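In what follows, a structure is listed as structure tokens, so that the remarks can point back to it.
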Amino acid sequence: MAQVKTKEQIAKITKACQETDAIFSKILKNFSFKTEIELRDFILFEIKKRGLKPSFPPIVTSGKRAGNDIHPKPTHNKLSGFVIIDFGVIYERYMSDMTRTIYVGIPTKQEKELYNTLLHAYRVGVANACVGIRCADVDALSRKSLGDHAQYFIHMLGHGVGTKIHEAPKLYHKLTRPVLKENMIITIEPGLYIKNKCGLRIEDTCLIAKKGCVPLTNSTRDLLIF
């Protein structure tokens with residue numbers, strides 16, 4: 001029953017998502033960060049300034065490190081190449097979860113194509129997440145859209161969000177039972193992790209509505225270059 005959210009719960013998660021978008025906007029407007037920790041600390045400062053708490057320790061990782069670990073701790077390493085920024089906030093006990101990948105430097109044509117491949121997989125996930133579909137099928141469709149790059153997608157497509165950052169249901173092609181229901185809150189978060197090369201992920205907290213999957217975090221998904 002906790003997987004299906006009430007109107008009040010949806011409103012609180014929506015507010016948490018709006019705060020997350022606002023913080024990401026501040027990141028973009030103030031982007032002069034040199035290291036992973038510097039950017040992580042700015043996120044924590046902005047969360048605290050709003051009288052909120054983080055849903056989980058913010059993740060900032062870049063370059064080769066981003067391809068070797070899904071949830072690494074930020075370091076003093078210099079930001080370079082693809083930079084994964086994953087964070088959320090808690091609003092009246094309810095959480096948000098969003099990831100964006102930006103680029104520091106000058107991306108190659110192949111890197112831009114890689115990002116667009118991931119963005120397409122994200123859009124496929126959102127387009128197919130609807131009332132009545134098996135969670136496994138949403139994952140499988142998004143995964144299939146990656147083509148040969150699917151080998152680098154090493155985690156599930158998404159998970160429920162509420163008073164915990166990881167709740168049921170899980171969107172994974174190897175789990176056949178869960179079915180999406182109206183007013184569930186889930187994440188859609190495909191990622192690509194090429195060992196010793198790069199990592200990238202796009203994630204939104206989304207509402208399963210009658211009309212389909214509605215992202216509640218709405219920061220730009222274009223590849224931003226700094």
Side-chain angles (χ1 to χ4, degrees), residues 5 8-63 65-66 69-105 115 118-119 122 158-167 185-191 198-207 214-226:
K5 303 300 190 287
E8 182 181 6
Q9 291 168 336
I10 292 170
K12 290 179 180 180
I13 294 172
T14 299
K15 176 62 175 175
C17 290
Q18 291 169 346
E19 294 285 354
T20 302
D21 281 331
I23 292 168
F24 188 72
S25 179
K26 290 292 290 291
I27 291 171
L28 301 182
K29 290 177 181 177
N30 294 275
F31 202 91
S32 58
F33 312 103
K34 301 302 181 184
T35 68
E36 297 170 353
I37 282 181
E38 187 180 349
L39 177 48
R40 187 276 314 274
D41 288 348
F42 180 83
I43 293 169
L44 290 174
F45 173 78
E46 287 295 323
I47 292 173
K48 186 177 181 180
K49 190 168 74 173
R50 287 166 168 77
L52 302 170
K53 292 183 178 181
S55 302
F56 53 90
I59 297 166
V60 179
T61 182
S62 70
R65 289 187 70 243
D69 191 345
I70 299 171
H71 296 136
K73 293 182 179 180
T75 68
H76 289 288
N77 284 14
K78 192 173 181 179
L79 296 173
S80 63
F82 285 117
V83 179
I84 295 175
I85 306 168
D86 185 354
F87 70 101
V89 305
I90 304 172
Y91 178 78
E92 295 186 6
R93 295 181 56 241
Y94 287 86
M95 302 185 178
S96 63
D97 193 358
M98 185 182 81
T99 306
R100 291 293 184 268
T101 299
I102 63 174
Y103 198 96
V104 173
Y115 184 87
L118 180 65
L119 181 58
Y122 163 85
H159 55 84
V161 178
T163 56
K164 296 180 180 179
I165 200 60
H166 288 99
E167 297 184 351
I185 302 274
I186 63 168
T187 64
I188 298 290
E189 53 176 305
C198 67
L200 48 163
R201 182 166 65 249
I202 302 170
E203 174 190 19
D204 282 311
T205 301
C206 303
L207 169 67
V214 180
L216 300 179
T217 41
N218 284 292
S219 297
T220 182
R221 298 171 196 94
D222 295 338
L223 179 59
L224 301 177
I225 301 169
F226 293 90

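In this text, all values refer to a predicted model and were calculated from it rather than measured experimentally. All residue numbers refer to positions in the sequence shown, counting from 1.
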State whether the side chain of [X] and the backbone N or O of [Y] hold a donor-acceptor pair below 3.5 Å, judged by distance alone.
X: D69; Y: A66; result: no
X: H159; Y: I165; result: yes
X: S96; Y: T20; result: no

Does the side chain of [Y] come within less than 4.5 Å of [X]'s, by heavy atoms?
X: T99; Y: I84; value: yes
X: I13; Y: L207; value: no
X: L39; Y: I85; value: yes
X: L28; Y: L224; value: yes
X: R221; Y: D204; value: yes
X: M98; Y: T205; value: no

- Message: Below 30° counts as parallel, above 60° as perpendicular, anything between as tilted: where do the rings of F31 and F33 land?
- Response: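 It falls in the perpendicular class, over 60°.
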- Query: Going by the angle between their ring planes, with limits at 30° and 60°, are F82 and Y115 parallel, tilted or perpendicular?
  - Reply: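 Ring orientation of F82 relative to Y115: parallel.
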In terms of side-chain geometry, is the basic nitrogen of [X] or [Y] positioned less than 4.0 Å from the acidic oxygen of its partner?
X: E167; Y: K5; result: yes
X: K73; Y: E36; result: no
X: D86; Y: R100; result: no
X: K49; Y: E46; result: yes

- Message: Against V161, only a single residue in L216, I186, T187 fulfils side-chain contact (heavy atoms from CB on, under 4.5 Å); can you say which?
- Response: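 Filter result, single survivor: T187.
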- Among side-chain atoms of D21 and T217, is any donor-acceptor pair under 3.5 angstrom? no
- Task: Mind checking side chain to side chain donor-acceptor pair (under 3.5 Å) for K29 and listing every partner two or more places apart, or none if nothing turns up?
- Result: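 Expected list: none.
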- Message: E38 vs H76, test: side-chain hydrogen bond (donor to acceptor under 3.5 Å, both in side chains). Steps then yes/no.
- Response: CA-CA 8 Å; E38 187 180 349; H76 289 288; over 6 Å; no
- Kindly determine whether Q9 and Y94 satisfy side-chain hydrogen bond (donor to acceptor under 3.5 Å, both in side chains), including the steps that lead there. CA-CA 7 Å; Q9 291 168 336; Y94 287 86; 2.9 Å; yes
- For this output row, return yes or no: ring centroids of Y103 and F226 closer than 6.0 angstrom. no
